[in-house]
Amino acid sequence: MYNRKIPLDEFLKQREEVLNQWSTGKEVNLEEAIEYQKSIEESKRFSSKLASAIVNKETLIQPRAGVALPNEHLKLLKYLQDEGGADLLPTTIDSYTRHNRYTEAQTGIDESVRTGKSLLNGFPAVNHGVQVCRSIVSSLNVPVQVRHGTPDARLLAEITLAGGFTSYEGGGISYNIPYGKNYSLEKTITDWQYVDRLVGYYEEKGVTINREPFGPLTGTLVPACISHSVAILESLLAAEQGCKCITVGYGQCGNQVQDIAAIRTLEQLTKEYLNRFGFSDVKVSTVFHQWMGGFPQDEAKAYAVISWGASTAVLAGATKVIVKSPHEAFGVPTAEANANGLKTTKQLTSMLKDQVFTETSEIKAEMNIIEQETRSIMEATLKLGENNFGLSAVRAFESGLIDVPFAPALCNAGKMLPARDNNGAIRIYEFGNLPFDESIKDFHRKKLQERAEVERRQVSFQMVIDDIYAVSKGRLVGRPNKGNV
Amino acid sequence: MYNRKIPLDEFLKQREEVLNQWSTGKEVNLEEAIEYQKSIEESKRFSSKLASAIVNKETLIQPRAGVALPNEHLKLLKYLQDEGGADLLPTTIDSYTRHNRYTEAQTGIDESVRTGKSLLNGFPAVNHGVQVCRSIVSSLNVPVQVRHGTPDARLLAEITLAGGFTSYEGGGISYNIPYGKNYSLEKTITDWQYVDRLVGYYEEKGVTINREPFGPLTGTLVPACISHSVAILESLLAAEQGCKCITVGYGQCGNQVQDIAAIRTLEQLTKEYLNRFGFSDVKVSTVFHQWMGGFPQDEAKAYAVISWGASTAVLAGATKVIVKSPHEAFGVPTAEANANGLKTTKQLTSMLKDQVFTETSEIKAEMNIIEQETRSIMEATLKLGENNFGLSAVRAFESGLIDVPFAPALCNAGKMLPARDNNGAIRIYEFGNLPFDESIKDFHRKKLQERAEVERRQVSFQMVIDDIYAVSKGRLVGRPNKGNV
Amino acid sequence: MEKINVVIGVIGADVHAVGNRIIDYAFSQAGFNVINLGVMVSQKEFMDAAIETNAKAIIVSSLYGHGELDCRGMGDMLKEAGLEDVLLYIGGNLVVGKSDFSEVEKLFKSMGFNRVYPPGADINQGIEDLKNDLKEKGIYA
Amino acid sequence: MEKINVVIGVIGADVHAVGNRIIDYAFSQAGFNVINLGVMVSQKEFMDAAIETNAKAIIVSSLYGHGELDCRGMGDMLKEAGLEDVLLYIGGNLVVGKSDFSEVEKLFKSMGFNRVYPPGADINQGIEDLKNDLKEKGIYA
Ligand code: B12
Ligand code: B12
């Protein structure tokens with residue numbers, strides 16, 4: 001792991017290897033790609049659109065979407081743009097590509113051609129290559145981002161940035177811990193330093209590519225201080241490699257006070273740490289993810305969850321909101337279902353745009369606790385790293401200073417357990433090795449005790465399970481007997 | 001118009017006439033009806049369910065629904081109860097019955113039988129009579145209310161209360177001004193004093209019938225002070241006739257601060273005026289109506305509007321919320337669409353139930369202005385009436401002290417014009433004869449001026465029209481060029 | 001040139017007044033002379049007003065779902081009164097429930113309406129159509 | 001009596017870990033001895049674990065949509081290895097997109113699965129079914 005911008009020669013040497021990982025790698029010509037990127041109009045660039053959203057105090061809307069075949073994929077994106085009114089578009093990558101299993105991705109493509117339906121859960125951009133990407137991105141009127149979950153995303157970055165995408169999601173931590181099992185954190189961080197270096201290279205040549213650490217992590221009862229710490233670390237890592245436009249993210253918890261406090265502190269703390277390490281020229285924006293946990297199967301109920309996320313995103317002042325669809329509980333949505341999620345969201349972002357929402361004392365109190373927690377984690381983490389952000393992160397995970405609930409990655413401690421308090425805010429019930437002082441811990445214990453008393457039961461793993469199911473069963477807090485408390 | 005409880009003998013004399021208005025009137029036997037009402041379990045009574053919702057800090061959900069034929073109507077209500085999860089049920093009456101056109105209602109019934117589809121926009125309870133009502137209400141597990149819009153609702157009340165309904169919507173003002181053209185306010189208030197006296201009679205015998213003035217009036221940019229004044233006057237009128245359980249209502253305006261302030265002041269002010277006139281034993285609850293103006297045609301967008309109403313209802317602390325369906329812009333919803341509106345709403349009332357929401361300084365400021373305005377109107381109104389609430393109301397409308405925007409009734413002045421301010425709150429742009437002092441008027445002018453400057457145009461009728469269309473076109477404030485401001 | 005008279009109103013026991021106010025405003029802005037009968041207007045009132053004012057068009061609104069019952073025989077009535085030249089338009093939420101509009105259109109055309117509009121139709125479309133229809137009749141330059 | 005071994009895991013390149021944690025907990029609570037292979041489990045890993053632990057059932061989860069591609073040949077493989085007696089269950093979001101479940105069920109049964117569950121199926125139903133199926137085989141008292 002580097003603790004400075006990767007020297008150009010080392011970077012270029014590594015590029016050769018990377019481009020050799022799959023046949024389409026040879027399509028990439030970096031200088032030509034930069035020229036191509038420069039030819040893209042401002043209105044189709046992520047960085048510009050985000051900047052003007054901040055000025056206009058708008059919350060932009062963006063779906064997730066990706067299918068196996070190029071024509072179908074373009075048709076899908078056009079539909080989401082024209083019918084759904086998406087302000088920003090995605091290209092969600094399939095799971096084989098995410099695990100660099102390009103041969104299996106190819107099988108998926110071939111089978112999809114044969115059966116006439118997409119058998120992949122996303123768009124296999126590496127297999128399709130640079131020209132196909134360009135033909136898609138250039139046919140759309142709004143900026144397009146790569147969204148994935150790829151631990152080693154170097155080749156994918158090379159191909160998609162040359163392919164005209166102007167934003168790239170992910171990070172060495174956020175695309176490892178929730179998205180893999182056996183990937184070494186050291187390796188994924190190093191690989192993502194390559195991606196950030198590539199973005200930094202474009203930046204040096206005058207082309208800004210937006211970078212977005214993946215905020216929600218496992219999407220399942222993640223306390224804000226955990227996802228904030230990961231976001232800040234990945235922002236520092238990206239900035240170090242020369243990225244200048246970063247969108248930090250957070251997945252809705254469902255308690256509005258906590259969600260608003262989270263988005264506001266996320267922005268503040270990210271800027272604070274970037275400034276502290278001399279990256280004050282980085283532009284920071286925020287993304288709010290509509291509920292990332294299990295959804296209700298009933299579509300009318302799913303619309304309610306989508307709406308609640310949309311309104312909270314606006315009231316929190318997020319720069320953009322990632323939208324779910326009413327099919328969420330079932331499977332990858334049809335184009336129609338996906339557009340419906342967008343339309344619901346747009347109605348609310350427009351209706352709420354003009355409303356003011358101030359900081360209540362509850363929001364301030366919640367911001368205060370999130371700040372304290374995040375600073376505790378960040379300071380302890382930075383101390384471990386010998387001025388190397390990557391090393392800090394690796395050691396923080398090793399020692400459980402940062403601990404993501406329900407993560408599949410073996411390098412995650414998995415000792416921390418969250419649960420909701422009586423108002424539905426996410427608190428922590430097993431701290432594992434989180435570096436919190438007793439006053440913070442007492443706060444959590446007190447909050448959970450309140451709930452335990454109301455429900456007349458102990459805080460336990462059963463309570464956590466109840467909370468995991470709650471939203472899909474029509475509640476926020478997983479009460480023992482629905483409706484009784 | 002009476003200024004005291006109608007003397008029993010006068011009431012009973014009038015009853016004879018009333019029961020003669022249509023053949024089914026003779027089915028009503030008041031003493032037997034009281035016994036029947038007493039046999040209804042507590043859990044199926046409106047008054048009890050509202051009382052326990054207040055204790056449990058729950059917001060109950062209730063749809064609108066009514067079709068021409070009894071079997072179909074029962075099937076519909078059962079579906080809304082079982083599939084939609086309605087906490088309270090309605091029986092919406094058709095428009096012919098509302099205008100006492102029982103012969104035309106009969107044609108509608110006959111045609112509906114003939115064609116196999118409901119050609120009426122509601123349930124013609126008078127034509128169907130007492131026994132049919134009982135067979136419906138007794139087959140359901142939750143309380144059922146009569147919802148209508150009937151200027152002269154005396155016979156309907158006789159039949160439906162004898163028929164086992166435990167709540168009755170309407171009032172001499174709120175079911176005249178938005179629902180009629182040529183009805184004399186004096187006459188409708190007197191007729192509704194009869195209805196309230198009937199409810200008072202049941203109350204004397206130990207049977208509590210819930211009464212609900214119709215809060216939203218025309219549903220179109222109605223300032224809270226106007227609907228509050230009507231609600232308070234009708235509460236006083238009802239209390240005077242012996243009603244002890246009153247639910248005052250308000251139609252969502254869409255600006256959350258204003259909506260929360262409105263529900264809170266509505267409850268406070270109603271109690272305040274009831275106490276002042278010695279009716280401190282009346283139980284007051286509140287009902288929040290999801291957006292009552294023009295809806296978006298797109299169902300995904302309609303879900304957003306429904307959701308926004310649902311969440312505001314909970315955060316405002318309303319006792320119940322009246323639910324719209326995703327078919328709203330088109331026509332009377334199918335059972336499925338109606339249940340979908342309920343499910344969306346229930347998801348939110350449950351998810352938000354546990355969340356605390358305090359009074360922000362904005363909410364307090366808005367409460368303050370609504371209180372001032374309402375008190376101005378009420379004090380001026382009461383002064384006119386020589387201790388007769390009905391007379392107060394009639395004279396207040398005559399002189400435009402109370403003025404409902406876009407009302408069809410000729411007895412309404414129609415000089416006041418509302419428009420949204422820059423945050424989407426409803427303000428007043430033409431005051432007509434509203435009895436506001438200059439400081440209140442200046443507040444409105446200032447607020448509208450703010451918007452006018454942002455939009456670089458004058459406050460004008462075009463602005464009002466733009467506001468009327470706004471929600472159906474995906475905005476709250478009707479900006480001149482969508483998306484531009 | 002003198003302004004052309006059009007009669008507008010909401011038929012039957014229907015009290016939806018908001019659209020009516022806007023239709024009044026829009027037709028007036030477009031240069032017509034509007035005779036607005038308001039809400040709860042009977043077939044006969046529409047006819048009488050049209051005769052009295054020598055109106056070239058009757059613009060009926062029906063929002064509340066009883067449109068079918070309320071409009072039966074209206075075309076015939078006008079014809080019998082010798083008003084077959086008066087253009088008869090209708091718009092709003094014409095039947096109970098969300099339904100296939102082409103069916104609804106057919107139904108109302110069979111009842112004598114020249115043009116039939118779906119829920120939430122843009123009133124400016126109606127104005128445009130009226131101008132064209134009047135032009136075809138040689139009434140509107 | 002000794003506890004019955006069941007192998008659980010999430011197949012393919014799928015990393016959805018939450019349901020897996022709960023299935024582990026639920027089967028353990030229900031008295032089974034759970035061998036949890038976690039996420040990203042290959043067909044062969046399932047088979048090896050079943051052989052090694054003499055498991056009576058393999059509970060496969062697939063959430064991410066590649067279930068069809070990932071499970072092809074799994075039934076045959078187990079049969080070839082002589083594991084035709086091991087009960088093979090699968091649940092989750094088995095195919096890409098919202099689809100007719102009866103089709104999906106048929107597809108996976110044809111691939112050798114004994115029981116196939118729709119999205120969001122209650123895991124307790126799976127436990128119930130397993131107990132019954134084991135009883136039928138005379139394994140579970
Ligand atoms: C949380 C989540 C994530 C998290 C997962 C974090 C983690 N590592 O665990 C993150 C954000 C990382 C994620 C990533 C992805 N996800 Co995801 N995710 C979800 C979500 C919202 C909830 C899943 C969950 O935890 N549910 C709660 C648990 C308790 O329920 P469960 O997982 O369904 O398991 C229960 C039942 O299925 C059942 N069950 C399971 N197996 C079995 C077996 C038997 C025998 C029985 C009886 C029962 C049973 O019992 C379990 C316990 O109750 C679902 C949608 C939903 N359900 O609302 C999508 C969903 C599963 N994800 C999906 C997809 C496509 C992805 C991604 C490819 C792309 C993306 N959208 O980013 C990646 C895939 C990564 C990969 N390689 O696997 C799709 C799958 C599409 C399809 N099948 O058509 C879904 C359905 C969303 C959607 N509609 O598009 N996801
Ligand atoms: C506000 C409203 C009310 C208010 C009306 C206040 C008032 N007096 O004006 C109140 C609450 C009192 C009310 C009462 C009722 N309503 Co109402 N109401 C509405 C609502 C929400 C908005 C109507 C509105 O003002 N829209 C804004 C204006 C600008 O649009 P508009 O009215 O559609 O008019 C425009 C177009 O239709 C078009 N247009 C109209 N006529 C014509 C003619 C031509 C030639 C052309 C080109 C265009 C055109 O141009 C107009 C101007 O842009 C609609 C549903 C919706 N649209 O979202 C239901 C709706 C019209 N109501 C309905 C019903 C059933 C009722 C009630 C019977 C029962 C009830 N739900 O309480 C009573 C009926 C009372 C009666 N006797 O008429 C139904 C009608 C059902 C159907 N057709 O199947 C609707 C559709 C709601 C629903 N989905 O159930 N209602």
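Sequence lines set the chain letters: A, B, ... in the order given, protein chains first and strands last, and positions in each chain run from 1. Heavy-atom basis, side chains included; hydrogens, waters and symmetry copies ignored.
Between A:Asn338 and A:Tyr79, the side chains place no donor N or O within less than 3.5 Å of an acceptor N or O (distance only, hydrogens not considered). Side-chain N/O atoms of A:Lys324 and A:Gln290 include no donor and acceptor closer than 3.5 Å.
Both the backbone and the side chain of A:Gln256 come within contact range of chain B, judged by heavy atoms closer than 4.5 Å. Of the atoms belonging to A:Gln355, heavy atoms from both backbone and side chain fall under 4.5 Å from chain B. For B:Leu315, the part lying under 4.5 angstrom from a heavy atom of chain A is the side chain only. Heavy-atom distances place no part of B:Gln258 under 4.5 Å from chain A, backbone and side chain included. If you measure heavy-atom distances from B:Leu342 to chain A, you find no contacts under 4.5 Å at all. Residue A:Pro326 does not touch chain B at all, counting heavy-atom pairs closer than 4.5 Å. Of the two parts of A:Ile306, neither the backbone nor the side chain holds a non-hydrogen atom closer than 4.5 Å to a non-hydrogen atom of chain B.
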Q.
Let's go through A:Leu89 and A:Leu140 carefully: what are the C-alpha distance in whole Å and the side-chain angles of both, what is the deciding distance for side-chain contact (heavy atoms from CB on, under 4.5 Å) to 0.1 Å, and is it a yes or a no?
A. CA-CA 9 Å; A:Leu89 285 169; A:Leu140 297 160; 3.9 Å; yes
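A salt bridge does not link B:Glu42 with B:Lys49: none of the charged nitrogens is closer than 4.0 Å to a carboxylate oxygen. Salt bridge absent: A:Asp466 and A:Arg420 never bring a charged side-chain N and a carboxylate O closer than 4.0 Å.
With contacts defined as side-chain heavy-atom distances shorter than 4.5 Å, the pair B:Asp354/A:Arg479 qualifies.
Each of B:Thr345, B:Asp421, B:Asn340 has some count of heavy-atom pairs under 4.5 Å with chain A, and the biggest count is that of B:Asn340. Ranked by heavy-atom pairs shorter than 4.5 Å toward chain B, the options A:Val257, A:Asn423, A:Val305, A:Leu476 are led by A:Asn423. For the options B:Val477, B:Thr349, B:Thr360, B:Leu348, heavy-atom pairs under 4.5 Å to chain A are most numerous at B:Leu348.
Exactly one of B:Arg427, B:Arg451, B:Lys473 qualifies for a salt bridge (charged side-chain N to carboxylate O under 4.0 Å, His left out) with B:Asp467. That residue is B:Arg451.
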